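These values consider heavy atoms only, across backbone and side chains, with no hydrogens, waters or symmetry-generated copies. Computed from a predicted model, the values in this text were never measured in an experiment. Letters go in sequence order (proteins before strands), and every chain restarts at 1.
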Amino acid sequence: MVKEFTNKEIAKILKAVAAAYEVKKGDKFKIMAYDRASTSVEHATSEIKDLWDDGKLNELPGIGAAIASHLDELFRTGRVRHFEEVMKGLPPAMFEFLSIPGIGAKTAYKLCQKLKIKNPKTALKELERAAKLGKIRIIEGFGEESEKKILEAIEAFKKGQIKERRMVLPYADTIAQEIVSYLLNCKAVKRVDTLGSLKRMVSTIGDIDIAVATESPQEVIDWFLKYPKIKKVIEKGPTGASILLENGRQVDLRIGKPEAYGAMLQYFIGSKHHNIHLRELALKKGFSLSEYGIRPLKFKKDKQKILEFEKEEDFYHFLGLDWIPPELREDSGEIEAALNHTLPNLLKIDDIKGDLHIHSNFPIETSHDQGTASMEEVIRKGEELGYEYIGFTEHNPSISKHKPKEIIEILKRKKEEIDKINYSNEKRVRNIPIKALNGLEIDIKPNGTLGIPEEGLKLLDYAIVSVHTSFKMNREEMTKRILSALEHSKVKILGHPTGRKLNEREGYELDWEKVFDFCLKKGKWLEINAWPDRLDLPDVLVREAVKRKVKMVICTDSHSLEHLNLMRYGVAVARRGWAEKNDIINTLPYKEFKKLLNLG
DNA sequence: GCCGTTTTCGGCCCGACTGTTTTCAGTCG
C-alpha cells in the first residue's frame, strides 16, 4: 500500500528539492519554480491527491508537465527517483531546518556541515544544543547575534507546532469586524479594511491583518493599542503594530497614507500568486508594481516617480484591467478575464430570497440535534432579512426509536403546524407574506435508501439528503449511495456535499464527474452550506459546478436564530467559486421558486 | 521548471531587513 501524502507533506518535499538545487547552485529559475510549486501546493484549497485522481494536477498554478509527472510517481510509488537524485550527497538533516524561520537552504546546509548533524530525527535537538553551547557563533559567517536568533527561532518553532490552527472564516471575520468598528471610532481613521486571506474570504484564515488610511499614524496606533481585548503588545513602530488578543490570536495593523492607500490594499490583499502574475503583466507594459504604487520602468529606482493610487479601482484600471473582487484574486483566470472585461457579475448577499435549511425546535424526535428557535421566531427573523421563503428541514425522526407509522404521524403533525403558520401569515398585513416550506433533512443510509418511508416523503414540499454516518466508503460506493438517495422526485438538495469539517476531517470521496452530470440531468441542487466549519461545497467545486451549469442553493443549516446571519459566508464561498445570481436557486422570488417544487 | 496580450523560446516579482563577509548575501512576506 502506497503512503498517502497530504498537501503539507508534498509542499515540504518540493521545498526540499528547491533547497537542494540551491545548495548545489542549480539553475536560479528552476529553484524559483520549485519554490513556487511548493507554496502553491501549501495554499491549495483542495487536496492535491484529489486533483491527481482527477488528472487535474496542472490546473494548479506553478505545476507544469515536469513536476506533475514527478508527483504522479510520488502518488503511485511513494517516492520520486529524480528528487532523490537531486538530494543525493546532501545531509537529510538540513531539510528539517527549513521550517525554522530565518534559516534558508544555504544556512541549513552550512549548519549541518560544520556541526556534523546527520540524523533528521534528532537534527533540531542537536542544533538547539549546539546553539546553547556557543558552537554556532564560531562558525564563519555567524556571530553571537545569529546564534541567539537561531535559538529563539527554534523555541518559537517548537511552540508553534503545538498551537496554531487556522481559524475558520466566520470566526476570524467576527474578531476582525469588532476591531474594524473599534478603529472606526478613532477620529484620525479615514478608512479601514481587512487584508489577506480574510479579505479574500478564504475558508480558513491564518492571521488577521488590518489596514488603516490616515494622515496621523501615531494617533491611530495609540488608539489601536488601547483596544480593550489586548493581552499584550507584540510590536509597535511608526507604520504599524502587532497585538496578541486575549483569545490568543495575533492582529497586525498597517498604516498607510490616504493618497497611496489603494496600492497598499492591493498589495496586502494578495494573493501572492495573483500579485506575481499582475507584476509580470505590468512589466510587459513597462511598469513596476509595489505596495507604494506603480513606477514606470524608465525611472529606475527613483521613488519620486512612483504613481500613487488612492483607490484600488484606479490601480487596476491603470493597468488596463477591470477591478477584480478580492474573492477572485487567486490567479485562476481572473486577470485574463479582467483584461477581456469578462469578469463574472458575482452573486450578492441581497440576491438571496430564502433560506432552505433550517432546524426549528419542532419536537420531531430525531436522533440528531434539534434547533432552539420556534418556527414562528424563525419566520419573523426571515422577514427581517427580507426573505420570501423559509424551508424548515429538521432531521428525520429517529429510525431506530420509531415504527414507520409513528414517523408518518410526526410528519403529519409538522405539516399541520406549517400550514397553520402560512394561514396566519397570509392574514397578517404584508404585501407578500413570507412562505414557510415543509422540508426535511433526511439521512442517507449506507445502502443509499432514505431514513423515512415513501408515504412520509409525500407529505413534504422538498427534502435535503445528507450523509451523517458511515463516512469511510470508497469512492464508487459513496457515489452510488448518494446518487440513489437523490433519485426520488421529492429530493431536491444534496446537503453539505463533501462532508468535510474544517480542521477536523476530510470529506468522503466522490466521483464528481458523475455527481455533476446527475444533478444537471435530473435537476438536483448542490448545497453550499454556510455552517462555519463546513463551508461545503468548497469553492473549487463551486467553480466546477458553475462551469457545468449545475445549480446550487446556499443555506445556513441554522439551529438557532443568530445562525440565520451566517448566510454571508455561504455567499462568500459562492463568490470565490465565480457564482453569479442565476447559478443559485434561492435567489429566485417565491413565485418562480415554487414552480421548481411543483407547488400550486 | 513554468508559461504565453508584443514569446512554444526566452524570458522569469518587489522591497525590506539583518548581520556581518565593509559592499552584500540570505531570508522573508
remark   = Among dC12(B), dG1(B), dT6(B), the one nearest any side-chain atom of Met32(A) is dC12(B)
query = Taking NZ, NE, NH1 and NH2 as the nitrogens, is one of them in Lys190(A) or Glu259(A) under 4.0 Å from a carboxylate oxygen of the other?
reply = no
ask   = Taking for each residue the nucleotide of DNA chain B bearing the nearest heavy atom, is the 5' side occupied by Pro61(A) or by Gly102(A)?
value = Pro61(A)
task = State the pairing partner of dC24(B); accept Watson-Crick or G-U wobble contacts with both distances under 3.5 Å, and report none otherwise.
result = dG19(B)
remark   = The residue, Lys149(A) or Thr107(A), whose nearest nucleotide of DNA chain B is more 5′ is Lys149(A)
message = Determine whether a donor-acceptor pair (N or O, by modelled atom type, separation under 3.5 Å) exists between the side chain of Ser69(A) and the backbone of Ala66(A).
response = yes
inquiry  = If I pick the P atom on dT5(B) and the same atom on dG1(B), what distance separates them, to the nearest angstrom?
reply    = 24 Å
message = Tell me whether Glu126(A) is salt-bridged to Lys121(A), with the criterion being a basic N under 4.0 Å from an acidic carboxylate O.
response = no
task = Give a yes/no on whether any side-chain N or O of Ser146(A) is located under 4.0 angstrom from OP1 or OP2 of dT18(B).
result = no
query = Just how far, in rounded Å, is C1' of dC12(B) from NE2 of His273(A)?
reply = 15 Å
Euclidean distance for C1', dT18(B) against dT23(B) (whole angstrom) = 14 Å
message = Can you identify which nucleotide, out of dG15(B), dC12(B), dG1(B), has its nearest atom closest to the Arg295(A) side chain?
response = dG15(B)
ask   = Are Lys148(A) and Glu144(A) close enough for a salt bridge, meaning some N to O gap below 4.0 Å?
value = no
task = Please determine if a side-chain N or O atom of Tyr292(A) lies less than 4.0 Å away from the OP1 or OP2 oxygen of dA16(B).
result = yes
ask   = Can you tell me if the side-chain N/O atoms of Lys106(A) get under 4.0 Å from OP1 or OP2 in dG26(B)?
value = yes
request  = Write down the distance separating the C1' atoms in dG10(B) and dC17(B), rounded off to the nearest Å.
outcome  = 33 Å
task = Indicate, yes or no, whether a donor-acceptor pair under 3.5 Å links the base of dG15(B) to the side chain of Tyr267(A).
result = no
remark   = Picking from dT7(B), dC2(B), dG19(B), the nucleotide nearest the side-chain atoms of Lys284(A) would be dT7(B)
query = So, Phe29(A) and dC12(B): ring centres less than 5.5 Å apart, planes less than 30° off, yes or no?
reply = yes
message = Without decimals, in angstroms, what is the distance between Asp27(A) CG and dG11(B) P?
response = 14 Å
note = With the side chain defined as heavy atoms from C-beta on, Ser290(A) is closest, among dC12(B), dG1(B), dC14(B), to dC14(B)
query = Mind checking the C1' distance from dC28(B) to dT22(B)? Whole angstroms is fine.
reply = 24 Å
key: Candidate pair Gln266(A) and Tyr316(A), rule side-chain hydrogen bond (donor to acceptor under 3.5 Å, both in side chains), full reasoning   = CA-CA 9 Å; Gln266(A) 197 290 318; Tyr316(A) 279 99; 3.0 Å; yes
query = Do the side-chain N or O atoms of His277(A) get closer than 4.0 angstrom to the phosphate oxygens (OP1, OP2) of dC12(B)?
reply = no
inquiry  = How many whole angstroms separate atom CD1 of Ile103(A) from atom P of dC28(B)?
reply    = 9 Å
P-based separation of dA16(B) from dC9(B) [nearest Å] = 38 Å
